[in-house]
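Contents: one structure, followed by commentary.
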Amino acid sequence: MGLRPHPPELKEFAERVGTQGPVGVAGSRTHFELGGALREGTPLVTAPVGVVAHDPAEMTVRVRAGTPVSVLEEHLRAGGQMVPLDPECPTSTVGGVLAVGRSGIRRLGYGHLRDLVLEITYVNSAGRLIRAGGPTVKNVSGFDLCRLLVGSLGTLGFIAEVVLRCHPLPEVSRWYVSGEDPEDLLAGLYRPAAILWDGAVSSVLLEGLAADVDDQERRFDLSPAESAPEIPRRGRQSVRASQVADLQGEFLAEVGVGVVHRSVYTDPPPTDAPALHRAVKERMDPSGRLNPGREVVV
Amino acid sequence: MDEGNQLNHRTDRDDGALAAELTAALGSGQVRSAGLERALYSRDSSTMEAEPSLVVLPRDAEEVATAVRITTGHGRPFVARGSGTGLAGGAVPLDGAVVIATSRMNRLLDVDVTGRLAWVEPGILNLDLSHQVAGYGLHFAPDPSSQQVCSLGGNVANNSGGPHCLAYGVTSAHILAMEVVLPDGSTVMLGGTTAEPSGYDLRGLFVGSEGTLGIATRVAVRLTPNPPVVRTLLLDFDDTDDGAATVSGIIAAGLVPAALEMMDRRAVEVVEAFAHAGYPTDAEAVLLVEVDGLGPGVEAAVETIGAVARRNSVRTVRVAADEAERQALWRGRKNAFGAVARLEPDYYLHDTVVPRSALTRVLRRVYEIADHHGLKVINVFHAGDGNLHPILSYDSRIPGMTEKVHQAGREIVEASLDAGGVLSGEHGIGLEKRDYMGLMFSADDLAEQDRVRSVFDPRRLSNPDKVIPGGSRCSDAGWAAGAAAGEGAWV
């Protein structure tokens, strides 16, 4: 009986983060400017790398934050499973994707990526390793710091290692196009992985058993698509799912979710209760040393 | 109760002045101070109790804010309470806290069918919510066994689970936003109904915080489409190991059933005598498996589950022929704890999670622990996610029995953690497991949790002395009481 000790790789990461002075963390830098550029001259650290253990019977994987998502995906595929992190770029690191906190385009089918995180170990502003959550698929032991860290852009702590919930690899995964009203598709299709609508045509991703996918293809008269649609990446807008039908201009919207991809930059929405959010940052990182210059609160 | 109360009494408190100010602001119908009513709110469904100084029954969010502002203005603590079905003592008011019960705030405020979300008040009952949106073909997915009586606000506080969380996720995945009254009486919105609200995920932090960060007064919940096809299977085994192997085999086959529940022999006997669900009482283990989705996939899953079970020496595979039979099968499972209440005057219900691969090993250990202490134990649990619920039934009138039960409970927690598990799967930490937190988290981990909590509640007036150990003057409040948990407890 006793607490699981932190492995040496994590302790070394904590030492690199240190206990004082500004410090930044870098993954593969696909979203490095999000929330503002780091203050010039900030020394950078990178998180430990490697898939520690995939346990297909538990449907969990323990992985170090610096591991590229493509490496994790390949590892899991061998065990017939996946974690639908779905970053724009496969070189993105697991820790980077979680720190950015943006779900991939299969959020409609698999839920928000924060719900994939079961346990998190991070280095806090005092250079200490903090563990929150637990390694099992169900757990309500203590405050949910895992979700607090997801989407925090490394401003509250630097993610070192996580335990993620896996899903079975679907037997088939197929893109279709349809001219049907996207809301009708959403109401009619059973748990589609994604419906992306550009104002005229819906691209539908169905995953699961071939028999189920065939059945839906027939019933909704879906046309097989050559490939996934091109997703505009410059702008990312957040609306309510029920507002998607009223969108104007050029866009590709995630139906049933409310993420809108645009080819032009869009400002993030203002944060509700910004003072409370800032107080969380101030309490967890009083000297503002973690990723200085980066701002999560809008 | 007296003992707990003596521990709780502050010497400097003036209930009269507080009651007068609350009554002036809210009206006498909303503020209760009679002994009987304070006694009613002194406990939840755990074995712990401590009497509140006052009970406030607000009718809306503004009244909650007023009650909180006045209470904390007097430097006094408060405890939010839903239906009081919690099993970890989370709603037991320590330090003579004011109980703010949300039971009158039980309205469904708005449904956005296209966006599949609803705004509700925290006092709405879990199953009432699902019934009220059933006409849209939607439901609220988390389904704790207490769902007929537990409140949505309580589900938020405890990040509640239920059988169907195996496939659909626990409460946090189904909460989009909350209007929250903070301990200083101010109101904030956490999360949002757009896809990606900016800022930190304070919504996620609030869910499961057991009332220590404030009181949710309006909640936006995600609604889930009802599955087109549902099949429920009952599998029975001569050997518990075969049942557990079937659980692992189903998951290994790439299936994630909507629910995957297990009962041991003693549980089946007790439940069948009470609920007449048609369970085979001579089986060592019974699995209740539910799969949902589209027709072809569901039928394939039923085939696969049957095949896995046959490889593990299943005796019979029974597929519910119709909705009535399906409801009957679930009735047994969901009433298990009412049934147990008839065995002995008292029972103690545990909640830990272990890796699925350790299920049989830990179960065997649970039996050993119970035998060692001369206690009866039955097991009804969410096998699919390794969420154990050993129930120790006992008679607290026998001297020393309550202490034995608590000792056995601690040993079960330790056995679960030893096997790589966690302290609680869905009941929360509350008071019950607060002092076990150090078994799972380091001093640094706990200090970090406390730090985050203090942002919301620097004076520690919102459900004080819960979840995080240390600094408590009344750590044993109510433990010695060991009073009976009646039929109104679920898991």
Side-chain angles (χ1 to χ4, degrees), chain A residues 1 3 56-59 80 102 111-112 114-115 124 128-132 134-145 147-148 150-152 168 183 190 208-209 211-212 215-216 238-242 254 256-259 268-274 276-277 279-280 283-284 296-298, chain B residues 112 114-115 158-159 161 169-170 172-173 188-189 192-196 198-202 204-205 207-209 228 248 251-252 254 256 293-294 296-297 300 353 355-357 385-387 414 418 420-426 428-429 437 440-442 444-445 448-449 451-455 467:
Chain A
M1 188 77 208
L3 299 172
E58 301 303 327
M59 297 185 72
R102 290 177 169 179
H112 199 291
R114 64 191 173 213
D115 296 325
N124 73 1
R128 309 290 295 183
L129 281 164
I130 304 296
R131 188 155 47 204
T136 55
V137 292
K138 203 170 180 187
N139 170 40
V140 287
S141 308
F143 290 93
D144 193 345
L145 303 184
R147 282 179 178 73
L148 190 59
V150 172
S152 69
E183 286 184 1
Y190 182 68
L209 278 183
D212 281 348
D215 177 61
Q216 304 233 76
S238 166
V239 301
R240 286 202 305 275
S242 50
E254 297 184 23
V257 174
V259 171
T271 310
D272 274 312
L276 185 64
H277 289 254
V280 170
R283 192 63 53 88
M284 291 182 74
V296 171
V297 185
V298 182
Chain B
D112 172 355
T114 310
N158 290 289
N159 195 12
V170 293
S172 184
V188 293
M189 182 65 73
T193 53
T194 63
E196 295 179 329
S198 74
Y200 298 110
D201 185 14
L202 302 186
L205 179 69
V207 176
S209 62
S248 295
I251 303 291
V256 182
L294 295 164
V353 186
R356 273 184 285 262
S357 56
D385 38 31
N387 191 179
E414 288 176 345
D418 269 344
V422 298
L423 281 176
S424 171
E426 55 186 11
I429 300 300
M437 285 283 276
M440 188 169 158
F441 295 109
S442 72
D444 281 342
D445 301 339
E448 186 91 338
Q449 295 190 20
R451 205 170 288 129
V452 175
R453 187 258 165 108
S454 70
V455 175
V467 187

Heavy-atom pairs under 4.5 Å with chain B - which of A:Ala211, A:Ala241, A:Ser141 has more of them than the others? A:Ser141
Interchain contact, B:Ser248 with chain A, by part (heavy-atom threshold 4.5 Å): neither
Looking at B:Asp112, B:Val452, B:Asp385, B:Leu423, which has the largest count of heavy-atom pairs under 4.5 Å with chain A? B:Asp385
Is it the side chain or the backbone of A:Ala57 that comes within 4.5 Å of chain B heavy atoms, both, or neither? backbone
If you count heavy-atom pairs within less than 4.5 Å of chain B, which of A:Leu276, A:Leu129, A:Val259, A:Val298 leads? A:Leu276
Between B:Asn387 and chain A, which part of the residue has a heavy atom less than 4.5 Å away: side chain, backbone, both or neither? side chain
B:Gly386, B:Ser172, B:Gly425: which one forms the most heavy-atom pairs within less than 4.5 Å of chain A? B:Gly425
If we define contacts as heavy-atom pairs under 4.5 Å, which of A:Leu148, A:Asp215, A:Val297 has the most with chain B? A:Leu148
Quick one: of B:Ser198, B:Pro355, B:Gly115, who has the most non-hydrogen atom pairs under 4.5 Å with chain A? B:Ser198
Measuring from atom CD of B:Gln449 to atom CG of A:Asp144, what distance do you get when rounded to the nearest 0.5 angstrom? 9.5 Å
Side chain / backbone / both / neither for A:Val239 at chain B, heavy atoms under 4.5 Å: backbone
What part of B:Met440 is in contact with chain A, defined as an atom under 4.5 angstrom from a non-hydrogen atom: side chain, backbone, both or neither? both
Could you report the tightest heavy-atom contact between A:Leu3 and B:Phe441, atom names first, then the distance? CD2-N, 3.5 Å
Between A:Gln216 and chain B, which part of the residue has a heavy atom less than 4.5 Å away: side chain, backbone, both or neither? side chain
If one checks every heavy atom of A:Arg102 against chain B at 4.5 Å, the contacting part turns out to be both
Most heavy-atom pairs under 4.5 Å with chain B, out of A:Asn124, A:Asp272, A:Leu209, A:Asp212, belong to A:Asp212
Atom group of B:Val353 that falls short of 4.5 Å from chain A, counting heavy atoms: both
I'd like to know which of A:Ala132, A:Gly142, A:Ala273, A:Pro135 tops the heavy-atom pair count under 4.5 Å against chain B. A:Gly142
Could A:Asp115 and A:Arg147 be called an ion pair, given the rule that one side-chain N must be under 4.0 Å from one carboxylate O? yes
Given a strict heavy-atom distance threshold of 4.5 Å, which part of A:Pro274 is in contact with chain B: side chain, backbone, both, or neither? neither
Output the option from B:Thr193, B:Val188, B:Asn159 having the highest count of non-hydrogen pairs under 4.5 Å with chain A. B:Thr193
Winner by heavy-atom pair count (cut-off under 4.5 Å) against chain B, out of A:Ser152, A:Gly151, A:Gly111: A:Ser152
So does A:Val140 get a backbone contact from the side chain of B:Glu426, meaning a donor-acceptor N/O pair under 3.5 Å? no
Assert top hit (heavy-atom pairs under 4.5 Å, partner chain A, pool B:Met437, B:Met189, B:Glu448) equals B:Glu448
Flag side-chain contact, heavy atom, 4.5 Å: A:His277 against A:Val296: no
Proximity breakdown for B:Ala173 and chain A, heavy-atom pairs closer than 4.5 Å: both
Scored by heavy-atom pairs under 4.5 Å with chain A, the best of B:Val467, B:Val256, B:Leu202 is B:Leu202
Could you tell me which portion of A:Glu58 (side chain, backbone, both or neither) has an atom closer than 4.5 angstrom to a non-hydrogen atom of chain B? both
